[in-house]
Amino acid sequence: MLLRLAPIPLLIAAACANTEKAIFLGPATINIPSAHPTLDDLHIDVLTPSDSAIRTHLDARFPNVSLPHGKATWLILDELTVGQRYEVRVCWAATQPTAFRMATYEFQTVFETPELISELSEYSWSRQSLQGHQEPHHEPSRNPRASGSEREASVLFLQILAAADYYTMNKTLMRDVPPVYVDIILDPFVFNVLPRSLLPTVGYIVVLAIASWFISRHISIWIRDAAAETARDKKTQ
């Protein structure tokens, strides 16, 4: 009975959260100058393999002519390894219906594309004005190496587009879309095969498989011995 009920919590957990992801390779390194403007001057969050998760609120909008895929949020993916595969995920509650799109861009692509650099600049200015009215603990997540001396690094911009995906008779919710509470996670692949976050699961499955093999072998030997003993008893009789 317990075995039949065991998967139920897993199904409930799966129904209570949504995930959108993008997979990419670490780009070639570029020179990151120490003179201003620096990456810190953008005032946007930074994800690195060692500081790989952020829990925050993302602004969302209903799609329209000017925002066909919703409101844009920008982050920096820093300290990447050239040629290594990564997965970046956005996880949010199913109680906040939202359609997410994610894309990664190299620095040169962003600065050479008017639409992208304009969108990034607008988001950066909005972050600066917002931080001016917040307490110090609301400072964006930053990479301490980003504000040091000049360096070579594999870096990407991450663009997240959030579009409200619901309809309600509540006029307030239709007019003002509430921010979406999300986890943003950068997950490196191990040997470019398996996301690092799945290693504990794989280890558990391997241990379970080995234990099951030994248990089944022990049971089969016990059954075989019991059958042989029964056969001997019949012959004796």
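Expressed to the nearest 0.5 Å, how far CG of N31 lies from CD of E150 amounts to 4.0 Å. Taking CG of D176 as the start and CZ of R61 as the end, the distance is 8.5 Å to the nearest 0.5 Å. The line from CG of L156 to CG of L25 is 9.5 Å long, rounded to the nearest 0.5 Å. Remark: C91 SG to K21 NZ distance equals 10.5 Å, nearest 0.5 Å. If you take CG on L77 and OG on S52, they are separated by 11.0 Å, rounding to the nearest 0.5 Å. Here the straight-line distance linking atom CG of L161 with atom CG of L58 works out to 10.5 Å at 0.5 Å rounding.
Other cluster members for M174: F62, Y166, Y167, M169, L173, V177, joined by side-chain heavy-atom distances under 4.5 Å among Ile, Leu, Val, Met, Phe, Trp and Tyr. Summarising the hydrophobic clusters (Ile, Leu, Val, Met, Phe, Trp, Tyr; side-chain heavy atoms under 4.5 Å, direct or chained), the residues clustered with V207 are none. Residue L67 belongs to no hydrophobic cluster, having no ILVMFWY side-chain heavy atom closer than 4.5 Å to its own.
For R89, the salt bridge (Lys or Arg N to Asp or Glu O under 4.0 Å) partners at least two apart in sequence or on another chain are E87, D187. Legend: residues meeting side-chain contact (heavy atoms from CB on, under 4.5 Å) with I215, ordered by chain and number and at least two apart, are I219. In this structure F24 satisfies the ring-ring contact (aromatic ring centres under 6.0 Å, His included) test together with Y86, sequence neighbours excluded. Annotation: side-chain contact (heavy atoms from CB on, under 4.5 Å) contacts of S121 (sequence neighbours excluded): W125. Shown here are the salt bridge (Lys or Arg N to Asp or Glu O under 4.0 Å) partners of E119, two or more places apart in sequence or in another chain: there are none. Scored by the ring-ring contact (aromatic ring centres under 6.0 Å, His included) test, Y181 finds H57 as partners (sequence neighbours excluded). The salt bridge (Lys or Arg N to Asp or Glu O under 4.0 Å) search around R55 returns D183, not counting sequence neighbours. Scored by the ring-ring contact (aromatic ring centres under 6.0 Å, His included) test, F107 finds F157 as partners (sequence neighbours excluded).
There is a path of hydrophobic side-chain contacts, each under 4.5 Å, that joins L120 to V46. Follow the hydrophobic side-chain contacts under 4.5 Å out from L116 and you reach Y123 in the same cluster. Cluster membership check: I76 shares its hydrophobic cluster with I32, using side-chain heavy-atom separations under 4.5 Å among Ile, Leu, Val, Met, Phe, Trp and Tyr. I117 and L42 fall within the same hydrophobic cluster, where Ile, Leu, Val, Met, Phe, Trp and Tyr residues are linked whenever their side-chain heavy atoms come under 4.5 Å apart, directly or through other members. I30 and Y105 fall within a single hydrophobic cluster, where Ile, Leu, Val, Met, Phe, Trp and Tyr side chains are chained together by heavy-atom contacts under 4.5 Å.
Nearest heavy-atom pair across A99 and D165 is N-CB, 3.9 Å. When all heavy atoms of R151 and L39 are compared, the closest pair comes out as NH2-CD1, 4.1 Å. In terms of heavy atoms, A164 sits closest to P63 at O-CD, 4.0 Å. Contact record, N18 with A94: ND2-CA, 3.6 Å, taken as the closest heavy-atom pair. Closest non-hydrogen pair, P27 versus L80, comes out as CD-CD1, 3.9 Å. Annotation for T113 and T109: closest pair OG1-O, 2.6 Å, computed over non-hydrogen atoms.
Considering only heavy atoms from C-beta on, W74 comes within 4.5 Å of V110 through its side chain.
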Go through the steps for T56 and V182 under the test side chain to side chain contact (heavy atoms under 4.5 Å, CB included), then give the verdict. CA-CA 6 Å; T56 186; V182 302; 4.1 Å; yes
Evaluation steps, side chain to side chain contact (heavy atoms under 4.5 Å, CB included), between L75 and I54: CA-CA 10 Å; L75 293 90; I54 296 175; 3.9 Å; yes
Assess whether side chain to side chain contact (heavy atoms under 4.5 Å, CB included) is satisfied between R127 and D45, documenting all intermediate values. CA-CA 10 Å; R127 292 277 293 187; D45 290 316; 3.4 Å; yes
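No donor-acceptor pair under 3.5 Å is formed between the side chain of Q84 and the backbone N or O of N192. Looking only at distances, no side-chain donor or acceptor of S118 sits under 3.5 Å from a matching main-chain atom of E115. Q96 places a side-chain N or O within donor-acceptor distance of the main-chain N or O of P179, the cut-off being under 3.5 Å.
Pairs of residues two or more places apart, or lying in two chains, never qualify as ring-ring contact (aromatic ring centres under 6.0 Å, His included) while including a residue from residues 198-228.
More than 12 heavy atoms of other residues, nucleotides or ligands sit less than 6.0 Å from atom CZ of R196.
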